[in-house]
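This one's a predicted model, so the numbers in the text were calculated from it and none came from an experiment.
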Amino acid sequence: MARHLITSALPYINGIKHLGNMVGSMLPADVYSRYLRQRGHDVLYICATDEHGTPAELAAKEQGLPVADFCAQAHDAQKAVYDGFALAFDYFGRSSSPQNVEITQHFARKLKENGFIEERAIRQVYSPTDGRFLPDRYVEGTCPHCGYDKARGDQCENCTRVLDPTDLIDPRSAISGSTDLEVRETKHLFLLQSKLQSEVMEWVARHDGVWPHLASSIAHKWLTEGLHDRAITRDLDWGVPVPADTWPELAAEGKVFYVWFDAPIEYIGATKEWSDLDPSTRDWKSWWYDVDTDVRYTEFMAKDNVPFHTVMFPATELGIREPWKKVDFVKAFNWLTYYGGKFSTSQKRGVFTDQALEILPADYWRYFLIANAPESDDSSFTWEHFTATVNKDLADTLGNFVNRVLSFSRKRFGDDVPAGGEAGEAEAKLGEEIARLLAEYEEQMEALQFRKAAAALRALWSAGNSYLEEKAPWLEIKTDKDGAALTLRTAMNLIHLYAVVSEPFIPATAKTMREAFALSNDTATWVSPAEAKSLTTVPAGTPFTVPPVLFAKLTDEDLETYKERFGGTGA
């Protein structure tokens with residue numbers, strides 16, 4: 001079996017993420033990782049908190065904490081939410097780790113050695129009150145375009161226009177609030193991306209027709225506009241230090257690498273963190289170094305992260321002139337909106353992942369988000385759509401099927417799976433249909449088409465209901481008890497099959513369904529379409545229990561409660 005390396009875009013450290021962040025990277029990566037593991041592949045799913053940069057320092061200052069303490073606490077808080085969503089990372093690291101420092105500094109040294117980093121003098125805002133240069137986000141003021149008075153020096157959040165700190169009206173320090181600002185000369189390191197343009201273009205072109213259109217088109221757009229040399233250091237107290245053995249003057253000034261230089265390197269750094277926990281059995285380089293034909297590397301991210309992963313980080317890797325693994329497939333997502341408006345961490349607009357888990361268990365959210373993943377275009381979260389999906393797909397189609405089959409069988413035949421007669425034409429027809437739908441499900445999962453995979457899974461669940469309605473065991477038992485027993489035994493085998501193949505989407509529910517049957521040797525990780533035809537995994541005589549209601553139906557009162565708490569529009 002192939003080895004699969006999977007990463008999802010690193011969630012930034014300043015605050016719990018919203019549902020858009022979840023469906024745009026981590027959740028689909030988890031679904032895909034779970035699926036591959038079930039199919040017998042060797043999988044390593046790596047993620048981490050992205051902990052450097054100006055927002056981390058500002059968030060720590062706001063809470064009155066040293067930035068290192070803030071990041072440690074925020075990492076644990078985020079990890080608790082991801083555990084709540086049942087994200088099965090092999091390792092969830094931290095970009096502030098010593099391993100990432102080591103590898104980032106190595107990459108920088110190699111880029112300089114190969115002529116792709118140089119020092120340049122630039123003019124930057126300086127605050128005498130704070131006694132330091134101010135990176136873009138450390139300068140706030142009034143946007144010259146829309147008049148928003150809390151615009152940052154890199155971008156106005158209100159009108160989204162890209163800014164320079166010197167563009168702001170009445171600029172002030174975000175640290176002290178001082179308006180006593182100057183523009184002074186300082187030195188920074190620049191990554192000479194312009195010298196790597198042709199190599200990056202050639203590398204991206206090799207993936208044309210392989211990557212999804214969204215990822216490929218964004219990469220080509222940036223390349224067509226031309227790669228510009230980019231400053232990769234900042235004047236911050238928190239970050240990967242510029243190594244003193246290579247740039248002693250800049251190191252003495254306290255320069256650190258820009259967060260977007262070290263953050264993608266943390267995919268490698270986090271793998272080394274994982275490996276260092278058990279170096280006798282784990283080899284991080286076997287996943288990252290000189291492994292192009294041995295490892296398939298898939299990245300998951302929202303569209304705003306695509307340029308960094310398809311152009312900027314590949315430029316870094318190409319410039320190092322060492323055989324580090326580069327991405328094979330970029331699964332990019334559009335936006336999930338909230339009633340058509342933008343989710344906003346800073347403005348607390350929309351549903352955040354910790355709030356979601358307060359309302360309902362993770363499987364409700366996992367299924368809805370993947371079934372409505374913003375793949376081909378943006379998709380909108382509304383409470384009306386969420387409620388309708390939960391009620392129709394989860395409560396009625398799956399949950400009700402499981403409950404009525406097991407409850408009726410126990411009522412009429414006791415606590416063991418009934419025997420009944422031999423399978424007939426209806427069961428053969430069902431087996432063929434299940435095999436066809438399962439093959440479709442596998443095909444869409446292999447292609448990373450999550451909405452289509454969810455539709456195929458839903459169709460599998462629906463096939464059980466259609467069979468049950470056709471056979472109607474509640475009527476059949478009046479004239480043909482063995483026939484009713486066969487129908488119920490067949491339906492129970494469907495429940496077990498659903499438990500196995502639904503696990504990537506709804507792992508907790510899948511476990512509950514599977515544990516309903518006291519099978520002595522239930523070790524199957526997957527069911528092939530050919531195996532699915534027979535529907536004989538759960539034999540007659542197997543003890544079973546009726547689990548609690550798998551999915552509660554949401555009421556109009558629930559809907560109004562949610563809308564009142566979170567708002568019924570995205571404005």
Side-chain angles (χ1 to χ4, degrees), residues 6 8-9 11 15-38 45 47 49 75-92 300 333 336 338 343 350-374 379 381-383 385-399 402 445 450-451 453-454 457-458 461 498-516 547-554 558-559 561-562 565-566:
I6 295 171
S8 51
I16 299 299
K17 305 299 114 177
H18 55 65
L19 294 182
N21 295 122
M22 178 62 69
V23 73
S25 58
M26 290 174 284
L27 180 56
D30 177 74
V31 170
Y32 186 55
S33 298
R34 286 175 175 275
Y35 170 76
L36 289 175
R37 291 188 191 106
Q38 285 188 259
Y45 176 22
C47 192
T49 38
H75 170 87
D76 290 347
Q78 286 199 25
K79 181 59 165 58
V81 173
Y82 305 145
D83 288 345
F85 267 85
L87 301 184
F89 304 115
D90 287 286
Y91 190 75
F92 186 71
F300 290 80
F333 290 86
L336 177 71
Y338 185 71
F343 279 86
V351 187
F352 288 74
T353 48
D354 57 341
Q355 298 168 329
L357 294 177
E358 291 172 8
I359 297 170
L360 290 166
D363 281 359
Y364 289 74
W365 301 102
R366 287 178 63 101
Y367 176 79
F368 173 83
L369 290 171
I370 293 297
N372 298 279
S379 61
F381 177 91
T382 71
W383 287 109
H385 187 200
F386 176 74
T387 300
T389 300
V390 166
N391 288 348
K392 181 180 177 182
D393 294 357
L394 296 178
D396 288 345
T397 304
L398 178 62
V402 172
M445 288 292 281
F450 291 101
R451 291 179 76 149
L457 182 61
R458 185 188 310 120
W461 299 342
Y498 295 162
V500 175
V501 302
S502 302
E503 192 266 346
F505 280 68
I506 46 173
T509 307
K511 185 173 184 287
T512 297
M513 288 193 289
R514 194 158 180 163
E515 290 177 347
V549 173
L550 299 181
F551 295 99
K553 292 196 76 166
L554 304 181
D558 292 326
L559 174 60
T561 299
Y562 302 150
R565 176 178 175 183
F566 295 98

Quick one: do Phe386 and Leu554 satisfy side chain to side chain contact (heavy atoms under 4.5 Å, CB included)? Show the steps, please. CA-CA 9 Å; Phe386 176 74; Leu554 304 181; 3.8 Å; yes
Test side chain to side chain contact (heavy atoms under 4.5 Å, CB included) applied to Tyr367 and Thr389, step by step: CA-CA 9 Å; Tyr367 176 79; Thr389 300; 3.9 Å; yes
Check the pair Phe368, Phe381 against ring pair (Phe, Tyr, Trp, His ring centres under 6.0 Å), reporting the backbone distance first and the verdict last. CA-CA 10 Å; Phe368 173 83; Phe381 177 91; 5.6 Å; yes
Between Phe333 and Val23, does a side chain to side chain contact (heavy atoms under 4.5 Å, CB included) hold up when you go through it step by step? CA-CA 8 Å; Phe333 290 86; Val23 73; 5.6 Å; no
Which is it for Tyr32 and Phe450 under the side chain to side chain contact (heavy atoms under 4.5 Å, CB included) test, yes or no, and what are the steps along the way? CA-CA 9 Å; Tyr32 186 55; Phe450 291 101; 4.1 Å; yes
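Gln78 has its side chain within reach of Lys17: a pair of non-hydrogen atoms, C-beta onward, lies under 4.5 Å apart. Annotation: side chain of Gln355 is in contact with side chain of Arg565 (closest heavy-atom distance under 4.5 Å). With contacts defined as side-chain heavy-atom distances shorter than 4.5 Å, the pair Tyr562/Val351 does not qualify. Inter-residue side-chain proximity for Val501 and Met445 is flagged as unmet; no heavy-atom pair is nearer than 4.5 Å. Side-chain atoms of Ile359 and Tyr364, non-hydrogen and from C-beta on, never get closer than 4.5 Å to each other.
To the nearest 0.5 Å, atom OG of residue Ser379 and atom CZ of residue Arg451 are 6.0 Å apart. In this structure, the separation between CZ on Phe85 and CE on Met26 is 9.0 Å, given to the nearest 0.5 Å. With rounding to the nearest 0.5 Å, the separation of CZ in Phe343 from CG in Leu336 is 4.5 Å. Here CZ of Phe551 is found 10.0 Å from CG of Leu360. Values are rounded to the nearest 0.5 Å. Atom-to-atom distance recorded for Leu369:CG and Leu27:CG is 6.0 Å, nearest 0.5 angstrom.
Using cut-offs of 30° and 60° for the angle between ring planes, the His75 and Phe92 rings count as parallel.
Nearest heavy-atom pair across Ala88 and Arg37 is O-NH2, 3.1 Å. Smallest separation of non-hydrogen atoms from Phe505 and Ala454: CE2-CB, 3.6 Å. Across all their heavy atoms, Pro547 and Thr512 have their closest contact at CB-CG2, 3.6 Å. Contact detail for Leu457 and Ser502: the closest heavy-atom pair is CD1-OG, 3.5 Å. Minimum interatomic distance between Ser33 and Ile6 (heavy atoms only, all atoms of both residues): OG-CD1, 3.2 Å. Closest of all the heavy-atom pairs between Pro11 and Cys47 is CD-SG, 3.7 Å.
With sequence neighbours excluded, the residues forming a side chain to side chain contact (heavy atoms under 4.5 Å, CB included) with Thr382 are Tyr339, Ser380, Glu384, His385, listed by chain and number.
Between Lys553 and Asp558 there is no salt bridge, since no side-chain N of the basic residue sits under 4.0 Å from a carboxylate O of the acidic one.
Remark: the backbone N or O of Ile506 is not paired with any side-chain donor or acceptor of Arg366 at under 3.5 angstrom. A donor-acceptor distance shorter than 3.5 angstrom exists from the side chain of Asn21 to the backbone of His18, with no hydrogens or angles considered. Put simply, the side chain of Tyr82 never gets that close to the backbone of Phe89: no donor and acceptor are under 3.5 Å apart.
Residues Tyr45 and Ser8 bring a donor and an acceptor atom of their side chains to less than 3.5 Å of each other. Side-chain atoms of Asp363 and Thr509 form a donor-acceptor pair, as typed in the model, at a separation below 3.5 Å.
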